[in-house]
Novice: 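Pasting a structure below so you can have a look.
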Amino acid sequence: MSTPLAPQYDPANIEAPLYHWWMEHRLFEASGAGSERFVIMMPPPNVTANLHMGHGLNNTIQDVLVRFERMRGKDTLWLPGTDHAGIATQNVVEKLLAREGKTRFDLGREAFVERVWEYVDRTGATILDQLKAIGSSCDWSRTYFTLDEDLSRAVREVFVRLYEKGLIYRGHYLINWCPRCLTALSNEEAEKEEVDGHLWHLRYPLADGSGHITVATTRPETMLGDTAIAVHPHDERYTALLGKLVDLPLTGRQIPIIADGGIDPAFGSGAVKVTPAHDPLDFDIGKRHSLPSIDIFTPEARVSDAAPDAFRGLDRFDARKRVVQAFKDLGLLEKVENHRHAVGHCYRCETIIEPRLSDQWFVRMEPLARPALAAYRKGKLRFIPERRGDEYAQWMENIRDWCISRQLWWGHRIPVFYCEASSCGFVAASRTDLAQCPACGGTVRQDEDVLDTWFSSWLVPFSSLGWPEETADLRAYYPGNTLVTAPEILFFWVARMVMAGLEFMGEIPFDTVYLHGTVRDTQHRKMSKSLGNGIDPLEVVERYGADALRYTVVSGMAVGTDLILDPADLESSFAAGRNFANKLWNAGRFILGNLGGPVRPLAGDRPGVVRKDELSLADRWIIARCDATVIAATEAYERYRFNDAASALYHFIWSDLADWYIEQIKPRLYGDVEGGDVARAVVASTFDVALRLLHPIMPFVTESLWQRLPARPPDASISRAPWPRPDRRAPDPLALREFGLVQELVSGIRSIRADYGVQPGQPIRAVVSGMSRVASRAFKAEHVTITRLAKLSSLELGDTSGETGATAVLSDGSSALVPLGDAIDLERECERLQGEHDRLEELIENQNGKLANQQFVSRAPAAVVERERQKLSDWREQADVLRAKLGRLGCLK
RNA sequence: GGGCGAAUAGCUCAGCCGGUUCAGAGCGCCUGCCUUACACGCAGGAUGUCGGGGGUUCGAAUCCCUCUUCGCCCACCA
């Protein structure tokens, strides 16, 4: 790898081959060795999915964690997989069929399922390859699919166990129905959304002709299925009407007025039309009063034959208009009010949910939720951000039974078998397919429905490891550690995994749940296909590189915040990451080009090791800074504060290492001064550390540079390099202070140059006086550095008396004078210094006030008071120096 | 309707348990530089009554209350 490096980092030609190389060397596979493990289950993307920024965000975070822990020496398993995604996938294939003018019913169940498999096999799991493009270091050798044979076996095992335990039951209930997908949905799959609607006040004439009763409803069309009117038992307005009948308009039916405690007398008219087949509250009322229920809709939510002729076949919304019109025509429409309320929408297709009475399978959740809640309460489950735990607990506390049957064809078929013989009545859940009835020998049929997709997902932490077999993987990698996911699927998936883990493995599947934010545009709208405000991660990878994408994601999102990106301006979002990668690349190019072979070891017992007394001030400074960065970055990664890790590394690499240290060592590297070998040792070592610290965030550029460092075995990968430890030689506060003064001095002189418009190439003199001992030592030690970086013709440490020029005062009270001769603009300089002086005086005044305050001096901690005193004296010293300067320049009036 | 969170430079965000990081970063902006690692760069600079109002405190961007505005979760007022 000795080819000269290009002056510009070229991710497009570097990343893909590198990923290949990682795969070849099987660097991401869990080994089963080592004492400590780190396991992450990837939230399995839908098989049909294409990578979007949400995946980019989610998987980048997981990869950062996994790479970090892998370098810390743990046996890491990041297990990828794909989800068969029942409704979503079936919808995709049905859409394809529609183009051929066919429906799934034209094909029939078996052919249709075959068709879906064909599609899934052909398109493959594209998304998994796309995940590789962003650098995801998953253990691909263990990739699963939720419809794989072994995972399906786990699903079936779980169903049968729960069935036999009485935790799965079949019932006739009002469920959430999607009239477009033609299937039942769970409560979680019905997304509540606020909608602007109306409240229609309808008059129902009393059967005895004595008047009417008014009901208020948001869904007038359902009146066709009304079977009662309910009022609150204590509502005096209606006591006289209780038990009376009304003529239900349009239907020719008569229904009773009943009393039910569930009615709120304050809402609407206080009287409610009761439609047990189409409203959850009404369903309960119907049960309490044994009311008949009339289902007036077909599965597609068109008016069915149970309704009067005039409305049959109408879509529910057309029916609504017609019913309202009919009431108007009859003079029975009292009024219409605007009314905002929450309406359920299908989470896959946004269609408004229709509550529908049907036979479905349910899981009794309370017994599963209890231990899952207890585990959280006992502190075994940690949420990041913490407050998300409250949502988890709240959901667990109010858990409702889970409707798990779906009227789809694509999925795990419900393993329940019914005997066809009417006299037999045999029904059972079975681990194996039944050909005939074990009771009577008759033919059996299997339940037609399939299971909710999440019924396989909630098992993934163990089903993907071979359960119910007692595999080695299961023993080694269950339970896992961290789950990284979007908050949207907290209930769908996370909470249920905890329940399943406890029920079937006796242990929760992970101890930490990191819930990251959502990717949004600058108007804070969620990125989505329909809004057209998405960003294609692959386009970003192509234009800016995967590292840039990852850097942006990581640094743009703190714990508990969303990731805001501008789809209209990729440059603003991703340039910083690309520039950083390029900066690193060029720093590496420079360092590698100047090492020229093996370097002396910096520490240890090896021969040629650099002795401490060989280190210059700058060397000690960068080592101390490097060490501080090791500590800060490690802690940030551990605390999931990846943005902190990113910024600590950005600052260390760009400002400390590139802007100062590399500039500082140039004379040594070029042989202009002594100590080139020490500089090489230190720069190689600190750069190596920086690469390793940054690798979890920017794996590609760090790997490609790290492999080129001297004395690397050909097969060594940074992804397995040991995580840097804090250095014994650091911390070195004195080096930080001393070099800090050097930086102040150089910056001060540069400012003067800029202020006075000194030509960039023009060398100037500088005289520093009034130095503290620390400054004096530092300036002597870094004389060459200061001269070079401030472009001085000479740097004198001593007395500035008698000369006029521009002055910079440093924090220790030393002042640097740049004699400018005729170039000096006295008035301007006075203004400059006066401004500086006034600013200090104001600080001093405040500080005096603070320290004169008895309350402060007596109540504040002694250390705080001492610190404040020190500040005051520093400022006073600086102000004195400035005043003297002003006097000498004749600025003082 | 219940619960929770956020409001800091033009933009995106740090600022953890109250006292210096005299309020920071990146991007953007202004000035000068193609200085032999990097113009995806270097150097220098400007920018904020820390959402409004009250309070606690010797001291508040940081704690409490309140208002305003946004956001999230939950919810069978039809």
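Note that the structure is a prediction, hence the values are computed from the model and not measured. Labels below follow one simple rule: chain letters A, B, ... track the order of the sequence lines, proteins then strands, and each chain is numbered from 1.
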Novice: Applying side-chain hydrogen bond (donor to acceptor under 3.5 Å, both in side chains), name anything that partners A/Y544, two or more places apart in sequence or on another chain.
Specialist: A/E571
Novice: Sugar-phosphate atoms are those with a prime plus P, OP1 and OP2; base atoms are the rest. Using that split, label each nucleotide of nucleotides 29-44 of chain B B, S or - for protein heavy atoms under 4.0 Å, 5' to 3'.
Specialist: ------B-BB-BSSSS
Novice: Please give, in whole Å, the distance from B/rG24 P to A/Y650 OH?
Specialist: 18 Å
Novice: Would A/R356 and A/E354 count as a salt bridge (Lys or Arg N to Asp or Glu O under 4.0 Å) if you check the C-alpha gap in whole Å, the side-chain angles of each, and the deciding distance to 0.1 Å?
Specialist: CA-CA 6 Å; A/R356 182 160 191 249; A/E354 189 58 47; over 6 Å; no
Novice: Could you pick out which residue, A/N398 or A/R219, lies toward the 5' side of RNA chain B when each is mapped onto its nearest nucleotide?
Specialist: A/N398
Novice: Between residues 265-288 of chain A and RNA chain B, which residues have a heavy-atom gap below 4.0 Å?
Specialist: A/F267, A/V272, A/L281
Novice: Quantified in whole Å, what is the C1' atom distance between nucleotide B/rU31 and nucleotide B/rU47?
Specialist: 15 Å
Novice: Under a 3.5 Å cut-off for both distances, is B/rA25 Watson-Crick or wobble paired, and to whom?
Specialist: B/rU12
Novice: Using the P atom in both, what is the distance from B/rG19 to B/rG59, to the nearest Å?
Specialist: 14 Å
Novice: In the structure shown, which nucleotide is the Watson-Crick or G-U wobble counterpart of B/rA43, with both distances under 3.5 Å?
Specialist: B/rU31
Novice: Could you list by number each residue of residues 337-345 of chain A showing a heavy-atom separation from RNA chain B of less than 4.0 Å, or answer none if no residue does?
Specialist: A/H339, A/H341, A/A342
Novice: Choose from B/rC27, B/rC76, B/rA78 the nucleotide whose nearest atom is closest to any side-chain atom of A/D264.
Specialist: B/rA78
Novice: Using the 3.5 Å cut-off, write out each protein N or O paired with an N or O of nucleotides 1-4 of chain B and the distance between them.
Specialist:
none

Novice: So what's B/rC72 paired with, Watson-Crick or G-U wobble, going by both distances under 3.5 Å?
Specialist: B/rG3
Novice: Are A/N579 and A/N582 close enough that a side-chain donor and a side-chain acceptor fall under 3.5 Å?
Specialist: no
Novice: Rounding to a whole Å, what distance do you find between A/L199:CG and B/rC76:C1'?
Specialist: 15 Å
Novice: Does the structure show a Watson-Crick or G-U wobble partner for B/rG51, both distances under 3.5 Å? Name it, or say none.
Specialist: B/rC67
Novice: Provide the distance between the two C1' atoms, one in B/rG26 and one in B/rG51, to the nearest whole Å.
Specialist: 24 Å
Novice: Write down the protein N/O and nucleotide N/O pairs, taken from nucleotides 10-18 of chain B, whose separation is under 3.5 Å; answer none if there are no such pairs.
Specialist:
from: B/rG15; atom 1: OP1; to: A/R641; atom 2: NH2; distance (Å): 2.5

